[in-house]
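Report on the following structure.
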Amino acid sequence: MKFHARSYHLLVAAVTIGVAAAALATTLALAQDTGPVKNTPHDPMAGLSPAQREAIVASAHARNDEFLRNFVAQHRDPRSLPVGWLDSYAAPPASLTAATADADLIVHGRVQNVTFERNPSGGMPISTAQVQVLDTVKGHAAQRISVGQLGGPVAKGDGGALVQFRGSELILPGDEVVLLLKQVGAGEPFRTVFGAGTYLVRNGVIAGENAEHYGVSGQPLQWFVNKLSAGG
Amino acid sequence: VLFLALVGVGLPARTVLAGHTFNGGDCWRGYTPLLCRTNWAGQNKIEYIYNIDQMNNTTLHNYLTTAMQNWTNFSGPQWFSYSSANNASYDYMKLDPNIKYNQRLPNAYNWNCVPGACPDTAASDNYMWSETYTTTDNLPYGSQNVSIFAHELGHVLGLDVHTSAGSAIMNDGSTLQGPTFVDIGRLPPCSGDSTNMGTRCIYNWTS
């Protein structure tokens, strides 16, 4: 897994490279002077019983749940949190054409509200957005649809973070979006096409992580809609 | 029955395995394989990486067994074996029914944890275990589940997503079923570009 805090990205990268360089220099120096390096094992759970380890795992989950519960109760703004990215096994579709073909529904809309719930499995929080449909590009949609994603507020140090999958940027209240969606099942929220399903509209142009991946960032909304209508 | 990866004092060199992502989880890019190597060299410990109680599904269990075997069979420091220990877990394989959502490829992800929260990337924190989430909804994908597990096991070993050219199980969405020389890394360990560093670098494997 790889996790980045967007706002700290450059700082973390700089610190990491610096630490790595220092570590390498130290390693090489030690290797020259004393032979192979044998560092103290880094195992903070060494010596703990299985039950004690289980308790640590459970406490971390509990802290995440508590953070999310308080975050929701206090009506905090998810945009106030630094974004953390997680990688997953899935790769994005090879092209926007493939993504368009994969989508059951493509809409232009506006996110009205988003709810976050704890994940019973202990994994990523569950996000459900209510989206007002402004235009339907592919398929048939009601005026208002539900869109589910994985991700949301989690504990991180003292401040928390908004964790989301790389390739599946969370949509948030007020966002104007173009969404490529999959129908999962009757009565269940739509799901974004993983790696290619979320495009933000800012000042009339397309933006966001997926837009950058497929080279459509900065293009006018209507140009993008026409492109999707033509099959991507 | 519990899977575990064993690192033992006095055991042959090939029994070395595993560890966790360190200080940010990236042991592949940005020269951090060297950082992991520095911190993990000479470790002797037991890593419990699969708790059958968390994923009581025989078919997925078998796919995971194959993925582990594929890592073990490939020349390098990594080695997986069974243990009879009960109710012990450190790294986990778990089910997350919420990732069933008809994604383009069967999906799974690693969720690394620290005592305070998971995930936490503060430089002063250390990842203490990783939880790999997958789903029984991936079952129709058949043997591609081996690819999923083999990829996620690579993260447990300390490898990040591999983005450079070349065939590797650590490429996102790889359909390989086990590691390649790209995942293991070139000789001598830690030589060349950081994107060519693999388990040989992390575990200081010089053969």
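Note that this is a predicted model, so its numbers are computed, not measured. Because only heavy atoms are used, hydrogens play no part in the values below, and waters and symmetry mates are left out as well, while side chains stay in.
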Practice task
Decide yes or no on side-chain contact (heavy atoms from CB on, under 4.5 Å) for A:Y89 and B:Y109, but give the supporting numbers first.
Solution key: CA-CA 6 Å; A:Y89 169 80; B:Y109 63 95; over 6 Å; no
Completion exercise
When every non-hydrogen atom of B:D172 is compared with those of A:S88, the smallest separation belongs to OD1-O, 2.9 Å
Completion exercise
If you tally heavy-atom pairs under 4.5 Å between each of A:A62, A:G160, A:P92 and chain B, the highest tally belongs to A:P92
Practice task
Hey, could you give me the CG/OG distance between B:N98 and A:S121, rounded to the nearest 0.5 Å?
Solution key: 6.0 Å
Problem - Under 4.5 Å from a heavy atom of chain A, the part of B:S174 involved - result: backbone
Practice task
Nearest 0.5 Å please: distance from the CD1 atom of A:I126 over to the CD1 atom of B:I99.
Solution key: 11.5 Å
